Amino acid sequence: MKIATFNINGIRARIEALPRWLSEARPDVVALQEIKTVDEGFPRELFEDMGYRVETHGQKSFNGVAILSRLPLEDVSRGLPGDDSDEQARWIEATVMGDKRAVRLCALYLPNGNPVEFDAADRPLHTGKYGYKLNWMRRMRAHAQTLLDREEPLVLAGDYNIIPQAEDAARPEAWARDALFLPESRAAFRQILNLGLTEAFRARHAGPGHYSFWDYQAGAWERNNGIRIDHLLLSPQAADLLRDAGIDRDVRAGEKPSDHVPVWIELDT
DNA sequence: ATGGTTGCGATGCAA
């Protein structure tokens, strides 16, 4: 089972680039982020005609996540538990029925968290958008623990808006005061990992120079000024099935690209 | 270098 995560930065803007990549890469399942439309605005027929089931959790203008799957889906659930007042569409999960094994897949869009406010001692304040990010990560950790308790293959795939380590940025010094790389952000990411999850790409590839996002501005792609913020986290039962992992970096050089590229895994299901 | 670019949707916000 090939599972990918792809922040498309608007489904309407990617109406050609997304089908093009699907035809080339032929993933079985895709976690999409930033569809930037309500459910009714998602062009589901286009993907159904390509053989994909479509489950969306959309929102007008911002955010919005979806799952595309060539395999049957069961028990679809929308929204990250833990705060009924949270209006932002950043989480959808479903069980993907493989030939031999089922996989619980969560498609997530973790809050960016910028801009960050700092106090007089230059410590980041846990207020505003950054406070929302850290609180969202606490909720995610609690929900991930609940899912791990099932002791089944589990994949948490998405745009985490987290640069895990300095080697995951071409210019880490430029991100020192950014919500994607602050020590508190990276610690919160490690707290989720430390539940017993495996970061799939790093289980297969070591060293610097692997990125999943290049800003549209200032020639970031041409300068290879990238960061690695799109991740797939695996439960022990899913990690046992991991065959391969990769980043489709060439997608960034295509026509009218997203600022993110797909990251994928292959599981022996 | 406090700029730079893109998407959504109709203006400025989010990234």
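Bear in mind that the values here come from a model prediction, so they are computed numbers and not experimental data. Quick note on labels: first sequence line is chain A, next is B, and so on, each numbered from 1.
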Inset, instruction - For B:dA10 and B:dT6, measure between their C1' atoms and round to the nearest Å. - result: 16 Å
Inset, instruction - Give one of base, sugar-phosphate or nothing for A:Tyr109, where a contact means two heavy atoms less than 4.0 Å apart. - result: sugar-phosphate
Legend entry - Rounded distance in Å - CD1 (A:Ile15) to P (B:dT6): 19 Å
Inset, instruction - Using atom OH of A:Tyr132 as one end and atom P of B:dA15 as the other, report the distance to the nearest whole Å. - result: 10 Å
Inset, instruction - Output, in order, the C-alpha distance, side-chain angles, deciding distance and verdict of side-chain hydrogen bond (donor to acceptor under 3.5 Å, both in side chains) for A:Asp248 and A:Trp264. - result: CA-CA 8 Å; A:Asp248 287 350; A:Trp264 56 265; 2.9 Å; yes
Legend entry - Electrostatic pair A:Arg139-A:Asp86, nearest N-O below 4.0 angstrom: yes
Legend entry - Between B:dG7 (P) and A:Phe213 (CZ): distance, integer Å: 13 Å
Legend entry - Length of the CZ-P vector between A:Arg223 and B:dG3, whole Å: 17 Å
Inset, instruction - For the side chain of A:Arg90, starting at C-beta, report the closest nucleotide among B:dT6, B:dC8, B:dA15. - result: B:dA15
Inset, instruction - Could you state the atom-to-atom distance from CG of A:Asp259 to P of B:dG4 in whole Å? - result: 18 Å
Inset, instruction - Measure from the side-chain heavy atoms of A:Asn63 and tell me the nearest of B:dT6, B:dA15, B:dC8. - result: B:dA15
Legend entry - Residue met sooner reading DNA chain B from 5', once A:Gln88 and A:Ile11 are mapped to nucleotides: A:Ile11
Legend entry - 5'-most by nearest nucleotide on DNA chain B - A:Lys60 or A:Asp159: A:Lys60
Legend entry - Atom pair distance, as rounded to whole Å: CD in A:Gln217 and P in B:dG4: 9 Å
Inset, instruction - Report the distance from atom CD of A:Glu222 to atom P of B:dT5, rounded to the nearest whole Å. - result: 11 Å
Inset, instruction - Have a look at A:Arg104 and tell me which of A:Glu152, A:Glu151, A:Glu93 forms a salt bridge (charged side-chain N to carboxylate O under 4.0 Å, His left out) with it. - result: A:Glu93
Inset, instruction - May I ask you to check whether A:Trp91 and A:His143 place their ring centres under 6.0 Å from each other? - result: yes
Legend entry - Distance test, side-chain N/O of A:Lys36 to OP1/OP2 of B:dA14, below 4.0 Å: no
Legend entry - Polar contact flag, side-chain donor to acceptor under 3.5 angstrom, A:Asn224-A:Arg249: yes
Inset, instruction - Provide the distance between the two C1' atoms, one in B:dA1 and one in B:dG12, to the nearest whole Å. - result: 24 Å
Inset, instruction - Indicate whether OP1 or OP2 belonging to B:dT6 is found under 4.0 Å from a side-chain N or O atom of A:Lys256. - result: no
Inset, instruction - Determine the interatomic distance between C1' on B:dG3 and the same-named atom on B:dA15; round to the nearest Å. - result: 16 Å
Legend entry - Protein-nucleotide distance (A:Asn7, atom CG; B:dG7, atom P), rounded to Å: 12 Å
